[in-house]
> 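Just passing along the structure, written as structure tokens.
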Amino acid sequence: MQNTTNSMSSEAILTLKNPIFCVYLICSCLLVIKMMIVSLLTIYKRLVHKAYLSPEDADFNKGQVAVHTAVERIRRAHLNDLENIPIFWTAGFAYLWTKPNIILAFTMYFGFTIVRIFHTIIYTILVVPQPSRAILFFSGFLITGY
């Protein structure tokens, strides 16, 4: 006999008919775009400050092999993303199988995405004193842990 509860079958979780999966995909794509923008921002700062990691890049761009604080700040923001966003993707994907409440799932997915966007902005563009960045980091950390 077929289960007649209102729960979604396992096959239906990874379909575009599942609004929670759609939000997960949208947020995942936004996070990818955000990380790509940070990569471009790193390149931009390297060009502006003529600070490169590789001698061939420095020669080609008439710069020097150097460490510049503005470039390193953006690199640290990118590394922070690389330490946090893949964990969110994994946890958020697993969360789909808990068949969560739609409002809670939307809040968690969009909440994490917004927190990471603001974290990047205040880390790279509008440098704001602590504990602002720490609050955003731990907000995303708690969302992922939930």
Side-chain angles (χ1 to χ4, degrees), residues 1-54 57-58 61 63 65-146:
M1 184 164 182
Q2 192 174 25
N3 185 353
T4 57
T5 64
N6 63 356
S7 64
M8 189 176 297
S9 71
S10 292
E11 300 82 33
I13 291 172
L14 301 179
T15 176
L16 295 180
K17 292 180 182 178
N18 176 2
I20 297 171
F21 181 60
C22 290
V23 168
Y24 171 79
L25 290 176
I26 289 167
C27 290
S28 293
C29 290
L30 289 172
L31 290 166
V32 167
I33 292 166
K34 185 197 82 59
M35 289 175 68
M36 292 173 72
I37 290 169
V38 173
S39 292
L40 294 175
L41 187 57
T42 304
I43 293 167
Y44 170 76
K45 287 292 186 175
R46 283 199 184 285
L47 292 170
V48 166
H49 298 290
K50 298 201 173 286
Y52 303 97
L53 288 177
S54 305
D57 294 342
N61 293 297
V65 175
V67 174
H68 193 279
T69 55
V71 176
E72 289 306 305
R73 183 170 197 86
I74 295 166
R75 284 181 37 135
R76 287 191 306 271
H78 199 172
L79 286 173
N80 192 279
D81 281 346
L82 292 172
E83 293 166 354
N84 290 280
I85 291 174
I87 295 168
F88 168 76
W89 284 329
T90 303
F93 189 75
Y95 186 57
L96 292 167
W97 270 265
T98 69
K99 300 177 180 119
N101 173 282
I102 192 167
I103 294 170
L104 182 59
F106 280 33
T107 302
M108 293 297 175
Y109 290 144
F110 279 119
F112 182 86
T113 303
I114 291 166
V115 161
R116 290 309 304 180
I117 289 169
F118 279 113
H119 182 272
T120 298
I121 289 169
I122 69 165
Y123 204 159
T124 62
I125 300 168
L126 302 171
V127 180
V128 177
Q130 285 287 33
S132 57
R133 202 173 72 242
I135 290 168
L136 291 168
F137 167 81
F138 281 111
S139 298
F141 183 84
L142 292 173
I143 289 170
T144 300
Y146 178 83

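Computed from a predicted model, the values in this text were never measured in an experiment. We number each residue from 1, following the sequence as shown.
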> Does some side-chain heavy atom of L31 sit less than 4.5 Å from a side-chain heavy atom of F112?
yes
> What distance do I117 atom CD1 and C27 atom SG have between them, rounded to the nearest 0.5 Å?
8.5 Å
> Is a side-chain N or O of T98 found less than 3.5 angstrom from the main chain of A94, in a donor-acceptor match?
no
> Could you tell me whether a side-chain N or O of Y109 sits under 3.5 Å from a main-chain N or O of G92, the two making a donor and an acceptor?
yes
> Tell me the closest heavy-atom pair linking A105 and I20, and the distance in Å.
CB-CG2, 3.7 Å
> Please name the pair of heavy atoms, one in V128 and one in S132, separated by the smallest distance, quoted to 0.1 Å.
CG1-OG, 3.3 Å
> As an exercise, state the distance from OG1 of T107 to CD1 of I103, rounded to the nearest 0.5 Å.
7.5 Å
> Any heavy-atom pair between the side chains of W97 and L14 that's under 4.5 Å?
yes
> If you look at every heavy atom in A70 and H68, which pair is closest and at what distance?
N-ND1, 3.1 Å
> Where is the tightest heavy-atom contact between G140 and V115, given as atom of each residue plus distance?
N-CG1, 3.7 Å
> About how many Å separate CD1 of I26 and CZ of F106, when rounded to the nearest 0.5 Å?
8.0 Å
> For F118, I'd like to know if atom CZ has over 12 heavy atoms of other residues, nucleotides or ligands within 6.0 Å.
no
> Just so I know, are the side chains of R116 and N80 near enough to count as touching, which here means a heavy-atom distance under 4.5 Å?
yes
> Hey, are the side chains of T124 and H78 touching, using non-hydrogen atoms and a 4.5 Å cut-off?
no
> In Å, rounded to the nearest 0.5 Å, how long is the span from CG of D81 to OG1 of T120?
4.5 Å
> Calculate, to the nearest 0.5 Å, the distance between atoms OG1 and CZ belonging to T144 and F138 respectively.
12.5 Å
> For L40, does the CG atom sit with more than 12 other heavy atoms under 6.0 Å from it, leaving out its own atoms?
yes
> Might you point out which heavy atoms bring M108 and I143 nearest each other, and give the distance in Å?
O-CG2, 3.4 Å
> More than 12 foreign heavy atoms under 6.0 Å from CZ of F110: is that the case here?
yes
> Identify the heavy atoms of M35 and W89 that sit nearest to each other, and give their distance.
SD-CH2, 4.3 Å
> Do Y44 and I74 come close enough that some side-chain heavy atom pair is under 4.5 Å?
no
> Do I102 and V23 have side-chain heavy atoms sitting under 4.5 Å apart?
no
> So how far is it from I37 CD1 to T42 OG1, rounded to the nearest 0.5 Å?
12.0 Å
> Any sub-3.5 Å donor-acceptor pair from E72's side-chain atoms to R75's backbone N or O?
no
> Judged by modelled atom types alone, do D57 and N61 share a side-chain donor-acceptor pair under 3.5 Å?
no
> Hey, does L30 have a side-chain heavy atom less than 4.5 Å from the side chain of K34?
no
> Taking C-beta and beyond as the side chain, do L142 and F137 meet within less than 4.5 Å on heavy atoms?
no
> Taking the side chain from R73 and the backbone from Y123, do they hold a donor-acceptor pair closer than 3.5 Å?
yes
